[in-house]
K.L.:
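Dropping the structure in here first, questions after.
The structure displayed is predicted, hence computed values, not measured ones.
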Amino acid sequence: MERTYIMAKPDAVARGLVGEIIKRFETRGFKLVALKLAHPTKEHLEQHYADLKGKGFFPSLISYMLSGPVVAMVWEGKNVVKTGRVMLGATNPFDSLPGTIRGDYAIDVGRNICHGSDSVESANKEIALWFPEGVPAYKRVVDSLIYE
């Protein structure tokens with residue numbers, strides 16, 4: 001099984017959408033293996049978004065991400081990275097289809113509710129960054145009803 005990092009951004013936390021994001025992943029059949037409310041530092045966010053450092057919107061992104069707490073999550077399941085990205089919708093909510101999290105709850109790209117790893121490699125790095133204490137492993141009885 002693969003793991004992905006999903007983060008409810010400050011706007012999702014402030015608007016009370018964390019439960020909806022969790023519900024969608026749980027309803028799909030993915031397993032929540034780690035979750036915490038976090039107040040990241042500027043340095044932590046700069047490390048997380050290091051690939052965007054040269055972009056003009058980088059300072060406003062960091063400022064926005066410092067505006068409130070985030071909810072850091074690790075989800076596990078078959079093809080969870082790719083499927084999770086589809087469930088979140090396009091980065092720009094205007095390009096997101098209804099039924100996706102961003103398509104249903106976001107309007108502006110700078111307030112797009114959530115972050116999801118874009119590859120297994122990114123997921124591994126992001127999980128290590130946000131959960132340096134590690135992520136527990138456990139089995140669910142229901143997995144035999146979800147996976148062949």
Side-chain angles (χ1 to χ4, degrees), residues 1-138 146-147:
M1 292 292 158
E2 132 186 326
R3 288 181 171 176
T4 193
Y5 175 72
I6 301 293
M7 177 171 47
K9 294 180 178 180
D11 52 330
V13 175
R15 292 177 56 197
L17 296 173
V18 174
E20 179 63 30
I21 294 167
I22 291 170
K23 177 185 172 197
R24 289 185 185 215
F25 277 81
E26 285 184 328
T27 301
R28 181 65 188 238
F30 294 126
K31 179 170 68 172
L32 181 62
V33 295
L35 176 139
K36 66 181 169 185
L37 184 70
H39 297 269
T41 64
K42 180 181 181 199
E43 294 74 26
H44 190 97
L45 291 166
E46 287 174 346
Q47 190 174 353
H48 175 81
Y49 288 112
D51 60 320
L52 301 175
K53 192 162 182 111
K55 304 286 185 178
F57 61 83
F58 187 76
S60 64
L61 170 64
I62 299 302
S63 177
Y64 151 62
M65 292 299 295
L66 287 168
S67 69
V70 300
V71 174
M73 297 174 272
V74 179
W75 290 90
E76 186 175 276
K78 188 184 275 186
N79 206 26
V80 70
V81 172
K82 182 179 178 184
T83 304
R85 295 279 293 186
V86 170
M87 290 170 62
L88 296 180
T91 301
N92 186 337
F94 281 128
D95 297 330
S96 296
L97 297 173
T100 64
I101 293 167
R102 290 177 178 143
D104 290 348
Y105 299 110
I107 295 172
D108 284 331
V109 69
R111 302 290 184 270
N112 67 358
I113 305 290
C114 44
H115 165 84
S117 301
D118 62 3
S119 68
V120 172
E121 296 76 26
S122 293
N124 291 334
K125 287 181 198 171
E126 292 169 352
I127 291 167
L129 176 65
W130 290 89
F131 293 90
E133 69 276 13
V135 176
Y138 69 97
I146 297 170
Y147 299 106

K.L.:
Closer than 3.5 angstrom, by distance alone: can the side chain of R102 be matched with the main-chain N or O of I113 as a donor-acceptor pair?
P.N.:
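Absent.
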K.L.:
Side chains of I101 and L17, heavy atoms from C-beta outward: is any pair under 4.5 Å?
P.N.:
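Heavy-atom side-chain distance check fails, nothing below 4.5 Å.
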K.L.:
Which residues pass the side chain to side chain donor-acceptor pair (under 3.5 Å) test with Y64, sequence neighbours left out?
P.N.:
D11
K.L.:
Which atoms form the tightest heavy-atom contact between L52 and F58, and what is the distance?
P.N.:
O-CD1, 3.4 Å
K.L.:
Would I22 and L35 count as a side chain to side chain contact (heavy atoms under 4.5 Å, CB included) here? Give the steps.
P.N.:
CA-CA 10 Å; I22 291 170; L35 176 139; 3.7 Å; yes
K.L.:
Between T100 and V86, what is the shortest heavy-atom contact and its length?
P.N.:
CG2-O, 3.5 Å
K.L.:
Check whether any side-chain heavy atom of I21 lies under 4.5 Å from a side-chain heavy atom of V71, and answer yes or no.
P.N.:
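When only atoms from C-beta onward are counted, V71 and I21 do not touch, as no gap falls below 4.5 Å.
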K.L.:
Between P40 and V70, what is the shortest heavy-atom contact and its length?
P.N.:
CD-CG2, 4.0 Å
K.L.:
What I'd like to find out is whether the side chain of I146 reaches to under 4.5 Å of the side chain of K31, using heavy atoms alone.
P.N.:
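Not in contact.
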K.L.:
A side-chain contact here means heavy atoms from C-beta on lying under 4.5 Å apart; do K125 and Y5 qualify?
P.N.:
no
K.L.:
Give the intermediate values and the outcome of side chain to side chain contact (heavy atoms under 4.5 Å, CB included) for residues E126 and M7.
P.N.:
CA-CA 10 Å; E126 292 169 352; M7 177 171 47; over 6 Å; no
K.L.:
Is there a donor-acceptor contact under 3.5 Å from the side chain of R15 to the main chain of Y105?
P.N.:
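Yes; at least one donor-acceptor contact below 3.5 Å.
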K.L.:
If you count every heavy atom of other residues, nucleotides or ligands that lies below 6.0 Å from F94 atom CZ, does the total exceed 12?
P.N.:
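No, not enclosed.
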K.L.:
Less than 4.5 Å apart, any side-chain heavy atom of F131 and any of E133?
P.N.:
yes
K.L.:
Residues two or more places apart in sequence or in another chain: which of them pass side chain to side chain donor-acceptor pair (under 3.5 Å) with R24?
P.N.:
E20, D104
K.L.:
Decide yes or no for M1 and Y147: does some side-chain heavy atom of the first lie under 4.5 Å from some side-chain heavy atom of the second?
P.N.:
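Counting from C-beta outward, M1 and Y147 do come under 4.5 Å.
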K.L.:
Of all heavy-atom pairs between H44 and L129, which one has the smallest distance, and what is that distance?
P.N.:
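Between these two residues, the closest heavy atoms are CE1-O, 3.3 Å.
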K.L.:
Just by distance, do the side chain of T83 and the backbone of N79 share a donor-acceptor pair under 3.5 Å?
P.N.:
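Indeed, once roles are kept as given, a pair shorter than 3.5 Å links the two residues.
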K.L.:
Do F30 and W75 have ring centroids that are under 6.0 Å from one another?
P.N.:
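Judged by ring-centre distance (under 6.0 Å), W75 and F30 do not meet the cut-off.
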K.L.:
Does the D108 side chain pair with the main chain of G110, one donor and one acceptor, at a distance under 3.5 Å?
P.N.:
no
K.L.:
What pairs with E2 under salt bridge (charged side-chain N to carboxylate O under 4.0 Å, His left out), at least two apart in sequence or on another chain?
P.N.:
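If we apply the salt bridge (charged side-chain N to carboxylate O under 4.0 Å, His left out) test to E2, skipping adjacent residues, there are no hits.
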K.L.:
What I'd like to find out is whether the side chain of V135 reaches to under 4.5 Å of the side chain of W130, using heavy atoms alone.
P.N.:
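No; the side chains remain at least 4.5 Å from each other.
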K.L.:
Do the side chains of M65 and H48 get nearer than 4.5 Å, heavy atoms only?
P.N.:
no
K.L.:
Closest approach of T4 and S117, non-hydrogen atoms and distance?
P.N.:
OG1-CB, 3.4 Å
K.L.:
Just by distance, do the side chain of N112 and the backbone of T91 share a donor-acceptor pair under 3.5 Å?
P.N.:
yes
K.L.:
About how many Å separate CG of L66 and NZ of K42, when rounded to the nearest 0.5 Å?
P.N.:
8.0 Å
K.L.:
Looking at I107, I'd like to know if its CD1 atom is crowded, meaning that more than 12 non-hydrogen atoms belonging to other residues, nucleotides or ligands lie closer than 6.0 Å.
P.N.:
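No.
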K.L.:
Tell me, please, whether Y49 has K55 positioned over its six-membered ring: NZ or CZ under 6.0 Å from the ring centre and within 45 degrees of its axis?
P.N.:
no
K.L.:
Would you confirm whether R3, through its side chain, and A123, through its main-chain N or O, come within 3.5 Å as a donor-acceptor pair?
P.N.:
no
K.L.:
Minimum heavy-atom separation for P10 and G68, please, with both atom names.
P.N.:
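So the two residues come closest at CG-O, 3.6 Å.
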